[in-house]
Amino acid sequence: MVFEHLKKYQIILASASPRRQQLLQELGLDFEILVKAVQEDFPLGMPGEEVALLLSNRKAAAFEADFFTDSKLIITADTIVCLEGEVLGKPSSRDDAINTLSNLSGKMHEVITGVSIRSAARQVNFAVATDVYFKQLHKKEIIYYVDHYKPFDKAGAYGIQEWIGYVGVERINGSFYNVMGLPVLKLYEELLKF
C-alpha cells in the first residue's frame, strides 16, 4: 500500500466540508472527522496565500497541544478566493452571493487553499493556487445558481463541481481539486514524505 508508513497514525480531517471528505476518501486514506470552531477573520490587506495559511494553521492550533500524540495526524485546510488581490469571503446573504458572482463574471480569479498536516513531532504547511476564468455570466444564470444551489458556505459564492462550474468556467490554470477545496496532488506528495 502506498500509505503504509501512515498506518501508525489515527488520521483526522478537521473539516466539515463534504467535498474535502470525499477527496480524501478517494485518495485512499482511512480517517475520522473532528471539527473545532475557529474564527475566520484575518488582517485587512493580507495577501491571499498568507490568509489561507493563517486560517489553515488556526484550525490546526485549535487542537490543544496535549491532544497530539505520536499516533495522531491532523489535516486541516482552508480555501479562499481572491479577485484582483482582494480576498472574497463566504457570502452573507442571497444578494451578497449574487453580487460576488457578478463581480467574478468575465474575469480571472485565484483560488488558494492552505493546508496543514500536523502530528506531535512535525507540522507541514503549504498553499496551492489555481487561476479560474469565468465567462461573462448572464444575470439570470447567477440568480438561478444562487437560488437553486444556495452557495452560502462557499468562498467566492460558488462550487466548481456544481452547475455554475459546468456552464460558467471557461478554463482553469492549475489543480481542479484545489478549487473544490483540497489540492490532492500536493497533499499526496506531502503525505508520502511525512
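For the numbers below, each heavy atom of this structure counts, side chains included, while hydrogens, waters and symmetry mates do not.
- Contacts of S119 classified as side chain to side chain contact (heavy atoms under 4.5 Å, CB included), with partners at least two apart in sequence or in another chain: Y9, A121, R122, F194.
- Contacts classified as ring-ring contact (aromatic ring centres under 6.0 Å, His included) and involving residues 88-114 (residues at least two apart or in different chains) are given here: H109-F134, H109-Y158.
- In this structure a side-chain-to-backbone donor-acceptor pair under 3.5 Å is missing from D131 to M108.
- In terms of modelled atom types and a separation under 3.5 Å, the side chain of T100 and the main chain of G156 share no donor-acceptor contact.
- G159 and I164 get closest at one heavy-atom pair: O-CG2, 3.9 Å.
- Residues meeting the side chain to side chain contact (heavy atoms under 4.5 Å, CB included) test with H148, sequence neighbours left out: Y144.
- Test L6, L29, I12 against L73 for side-chain contact (heavy atoms from CB on, under 4.5 Å) and you get one pass: L6.
- Annotation for I112 and C82: closest pair CD1-SG, 4.1 Å, computed over non-hydrogen atoms.
- Residue M46 comes nearest to V87 through the heavy atom pair O-CG2, 4.2 Å, listed as atom of the first residue, atom of the second, then distance.
- Listed here is the closest heavy atom pair of K139 and S102: NZ-OG, 4.1 Å.
- Listed by chain and residue number, nothing satisfies the ring pair (Phe, Tyr, Trp, His ring centres under 6.0 Å) test with F176 (two or more places apart in sequence, or in another chain).
- Formation of a donor-acceptor pair under 3.5 Å by the S105 side chain with backbone atoms of L101 is not found in this model.
- Remark: S93 engages no residue in a side chain to side chain donor-acceptor pair (under 3.5 Å) (not counting sequence neighbours).
- For S175 against P183, the heavy-atom pair with the smallest separation is OG-CA, 4.4 Å.
- Pairs of residues two or more places apart, or lying in two chains, that qualify as salt bridge (Lys or Arg N to Asp or Glu O under 4.0 Å) and include a residue from residues 26-45 are K36-E64, E40-K90, D41-R58.
- Annotation: salt bridge (Lys or Arg N to Asp or Glu O under 4.0 Å) contacts involving residues 155-165, sequence neighbours excluded, comprise K154-E162.
- In this structure, the side chains of I75 and F31 stay at 4.5 Å or more apart for every pair of heavy atoms.
- Using modelled atom types and a 3.5 Å distance limit, the side chains of R20 and T79 yield a donor-acceptor pair.
- Checked by atom type and distance alone, the side chain of T113 never pairs as donor or acceptor with a backbone atom of V128 at under 3.5 Å.
- Between W163 and Y145, the ring-plane angle classifies as parallel under the 30° and 60° cut-offs.
- With sequence neighbours excluded, the residues that form a salt bridge (charged side-chain N to carboxylate O under 4.0 Å, His left out) with E141 are K135.
- Judged as a side chain to side chain contact (heavy atoms under 4.5 Å, CB included), and not counting sequence neighbours, the contacts of N125 are L53, N57, S116, Q123.
- Annotation: salt bridge (charged side-chain N to carboxylate O under 4.0 Å, His left out) contacts of D153 (sequence neighbours excluded): R19.
- In terms of heavy atoms, V115 sits closest to A77 at CG2-CB, 4.1 Å.
- For P18, there are no side chain to side chain contact (heavy atoms under 4.5 Å, CB included) partners at least two apart in sequence or on another chain.
- Every pair passing salt bridge (Lys or Arg N to Asp or Glu O under 4.0 Å) that includes a residue from residues 168-187 is listed here, sequence neighbours excluded: K186-E190.
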